[in-house]
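Accompanying notes for the structure given below.
Counting starts at 1 for both ligands and their atoms, following the listed order. All values reported here derive from a predicted model rather than from experimental measurement. Scope of the values below: all heavy atoms of this structure, side chains included, with no hydrogens, waters or symmetry mates.
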Amino acid sequence: MEAKAMVLEKFNEPLVMKAFSIPKLKEGEALVKIEAAGVCGSDVHQWEGRDPRIRLPMILGHEGVGEIVELKGEKKDVYGNPLKSGNKVLWSRGVTCGHCYFCKVKMEPSLCTNRWVYGIHTTCAEPPYLTGNYAEYLPMDQKVDFFKVEPDTDLQTLVPASCSGATTAHAFDLSRMESGDSVLVQGVGPLGVFAVAFAQSSGASQIIAIGGTEERLRMGQSFGATLVMNRNQLSKKERKEAVMDITHGLGVDVAFEMAGELDAMSECISLTRTGGACISAGFAEPRGKMEVDPFLDIGRKNLRIQGVWVSEVRHTHMALQLILSRKDDFKKLITHRFPLARADEAIKAMKTREAVKAVLLPHG
Ligand SMILES: [Zn+2]
Ligand SMILES: [Zn+2]
């Protein structure tokens, strides 16, 4: 049996559709029929050759949902449900070793030194070849953690839980945001939209979203932002006045940088109150250096600056449950759908920011 997949052979050039034979499963492995694969902002960076982790040729795609069509041996999902052929599943994208310093001692598997992800660290030049989500089928390692979902679930809607949703859940975990807090979200792409949704479900009193496109700001509003500001229409000074106005002149309790822009980061620092927290999850690649006054911006403010790198299984669970609790809203997050053969158009739609979230449907 063969499966088609979209292969990145050369950076900045169209992906090539290729057929791979589906390998025989080993004990504990599962074969998943990919029903939807997410196109992430990182896929754009990878396609452009800006991600040092990747090795060509490769099958892109680290976000997916699908149906288990074959299992070798017994396997349970993270909730303890025995998995069977025909089950609809989401899975945690990061596979970790369970025995390094970060896994074993610090209990922070997201920082595992041996962590790897299908469609990022994998090449299709070596077995098992079929190793990315831009494919009809994906044979999965026995270490992959699955989440079984109800058979009638609209699977496409769950795709963003695996990367942007999980990373944002990690950001919330680290933020220690409390009910009643005022929250600022910089950037309203998938990460920012999830941040707005998590802030609302965690009882934020104010959710201020700053972004650059009207469509994305409207999306932020529909997810619960109480004030949206277009950075192309309001000056930095006007934005600051608006934030101070609704936070008793203090600044926000927690700011989430979800844009990956230096200006967004410095604005987050300037709009966070004394003793507040500034959480940065937007930078997926180096974007240069910024100026910070360690006395005024950090020390005197008793400011907590927290970086966020990828996510853990618990965060995929948090993102999945958030989506399931607001299915109709999250359905709107998927703005573009393409068949597998048109993956290049999906990458382009993400690159130009025309799409908030694009997905590939390998089986139509
Ligand atoms: Zn991603
Ligand atoms: Zn580890």
**OP:** Give a yes-or-no answer on whether the side chains of Asn87 and Glu67 include a donor-acceptor pair shorter than 3.5 Å.
**Re:** no

Original post:
Taking the six-membered ring where the residue is Trp, are the ring centres of Tyr137 and Phe20 under 6.0 Å apart?
Top reply: no

Subject >> Angle, SG of Cys163 through the Zn ion (ligand 1) to SG of Cys40 - 10° precision >> reply: 130°

Original post:
Can you hop from Val65 to Leu322 via hydrophobic side chains spaced under 4.5 Å?
Top reply: yes

**OP:** Please identify each residue that fulfils ring pair (Phe, Tyr, Trp, His ring centres under 6.0 Å) with Phe338, with sequence neighbours left out.
**Re:** none

**OP:** Would you please say whether a donor-acceptor pair under 3.5 Å links the side chains of Gln221 and Arg216?
**Re:** no

Original post:
If you leave out waters, which protein N, O or S atoms are less than 2.8 Å from the Zn ion (ligand 2)?
Top reply: Cys97 SG, Cys100 SG, Cys103 SG, Cys112 SG

Subject >> Shared hydrophobic cluster for Leu155 and Val159 (ILVMFWY, side-chain gaps under 4.5 Å) >> reply: yes

